[in-house]
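When a ligand or atom number is given, it counts from 1 through the structure's own listing order.
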Amino acid sequence: MLILMEQTATLEQIRAVMAVLEGAGIRGYVQESPVSTSILAPHASQALKADRIEPMGGVGRVVPITSPFKLASADGAPGRTVVEVRGVAVGAPELAVMAGPCGVESREQLFTVARYVAESGVRLLRAGAFKPRTSPYAFQGMGAEALRLLEEVRREFDLGIVTEATEVETFEEVERTADLVQLGARNMQNFALLKRAGRSEKPVLLKRGPAATLEEWLFAAEYIMSEGNRNVILCERGIRTWSQYARNTLDVSVIPAAKLLTHLPVIADPSHAAGRRDLVIPCARAAVAAGADGLIVETHCKPDQALSDGPQALLPSDFFQMLEQARRIRTVLMEAGPGAL
Ligand code: PEP
Ligand code: MN
């Protein structure tokens with residue numbers, strides 16, 4: 001249930017409600033919004049009747065949450081969630097962009113890409129230190145050395161770092177460096193990793209599994225959130241279908257669908273969806289037009305020499321073009337009013 005407190009509710013009254021929930025063995029989550037406070041209590045209606053809570057001081061209304069995703073559900077929050085990543089608001093009207101190479105390959109490569117990413121006005125740099133690869137013989141990432149380079153590049157260009165955690169064992173190392181911890185598509189149902197991310201202080205970028213339904217994806221978010229971490233960003237990155245021209249199929253319709261069902265920000269990754277450079281910009285445009293709150297996109301200074309995902313990396317000039325087009329589409333939606341986002 002969602003307990004909506006009155007605007008005038010005092011801290012003692014909020015504590016009293018929390019104490020009743022606790023007495024019934026229910027975990028409550030206090031949610032502050034600029035106008036009011038609410039308490040989200042997943043599965044509370046199984047143990048407590050609304051009329052036990054409703055007469056309490058400071059309580060406005062008790063609303064049942066019918067969705068199976070209690071913490072991620074749109075009806076469990078007072079409005080849309082904005083996740084802050086090193087000063088960048090993801091889920092706010094302005095399009096949030098993360099860009100960079102698939103993986104950290106060398107100091108020179110990382111710094112060259114970071115320089116033009118920073119020049120573009122984008123403030124979040126993506127680059128994997130640990131790479132989940134289909135083949136065990138493919139480039140697996142530079143690991144700890146890459147994390148050190150990412151810290152250096154953050155200092156040099158004042159960029160936030162988006163980098164992937166692939167295992168529970170190395171999670172701590174990655175979260176120390178990352179401003180946003182990415183969980184990869186093929187780890188979307190790695191429940192131990194999701195729970196570990198749920199105990200992190202850092203926001204999490206949760207990619208949709210290549211064969212996951214919207215429901216499975218939202219339950220994965222619920223795993224993270226139920227451990228305490230409420231800063232989750234969802235990312236559609238293409239799913240496996242029988243369409244074979246592109247690497248994956250960008251599921252454009254899942255973007256507005258996810259925004260209907262949850263309060264979490266939803267972004268898109270046109271690079272892994274398309275798998276080829278010439279399809280990335282149109283996919284990015286489609287995602288933004290469908291209401292994506294942001295994009296995560298791969299770009300490389302020398303794509304033909306990239307150690308992973310070179311064919312889908314945008315050249316610097318393509319990247320600037322994509323940004324310009326995506327921002328203009330977002331402006332059209334912003335001007336169309338809040339219903340368009
Ligand atoms: C990546 O971002 O480089 C990546 C491996 O993405 P995904 O998990 O979506 O395949
Ligand atoms: Mn990649």
- Under 4.0 Å to a heavy atom of Gly184 - the qualifying atoms of ligand 1, by number: 8 (O)
- Ranked by distance from atom 10 (O) of ligand 1, the top protein heavy atom is Arg237 NH2, 2.8 Å
- If you measure from each heavy atom of Cys102 to ligand 1, is any distance below 4.0 Å? yes
- Message: What protein N/O/S atoms are there under 2.8 Å from the Mn ion (ligand 2), waters excluded?
- Response: Cys102 SG, His272 NE2, Glu298 OE2, Asp309 OD2
- Identified side-chain contact (heavy atoms from CB on, under 4.5 Å) counterpart of Pro210 within the set Arg237, His272, Met188: Arg237
- Message: So, regarding Glu298 and ligand 1 (criterion: nitrogen or oxygen to nitrogen or oxygen, under 3.5 Å), is there a contact or not?
- Response: yes
- Query: Polar-atom distance check: His272 versus ligand 1, any N or O pair below 3.5 Å?
  - Reply: yes
- Decide if atom CD of Glu54 counts as having more than 12 heavy atoms of other residues, nucleotides or ligands within a radius under 6.0 Å. yes
- Should we count CZ of Arg276 as having more than 12 external heavy atoms under 6.0 Å? yes
- Query: atom 3 (O) of ligand 1: which protein heavy atom is closest, and how many Å away?
  - Reply: Lys131 NZ, 2.8 Å
- Is it true that Arg126 and Glu298 have a side-chain N and a carboxylate O under 4.0 angstrom from each other? yes
- Report, in ascending order of atom number, the atoms of ligand 1 lying under 4.0 Å from any heavy atom of Ala185. 7 (P), 8 (O), 9 (O)
- Task: Return the option from Lys207, Arg126, Gln182 holding the heavy atom at the smallest distance from atom 7 (P) of ligand 1.
- Result: Lys207
- May I ask you to check whether over 12 heavy atoms, not counting those of Arg61, lie within 6.0 Å of atom CZ? no
- Query: Will you find, in the side chains of Asp251 and Thr249, an N or O donor that is under 3.5 Å from an N or O acceptor?
  - Reply: no
- Donor on one side chain, acceptor on other, Arg186 and Thr134, under 3.5 Å: yes
- Determine the sole option in Ile65, Leu2, Thr262 for which the side-chain contact (heavy atoms from CB on, under 4.5 Å) test with Asp75 is passed. Ile65
- Note on the structure: ligand 1 atoms nearer than 4.0 angstrom to some heavy atom of Arg186 are 10 (O)
- Are any non-hydrogen side-chain atoms of Glu152 and Leu149 less than 4.5 angstrom apart? yes
- Query: Going by atom types only, do Ser271 and Gln312 share a side-chain donor-acceptor pair under 3.5 Å?
  - Reply: no
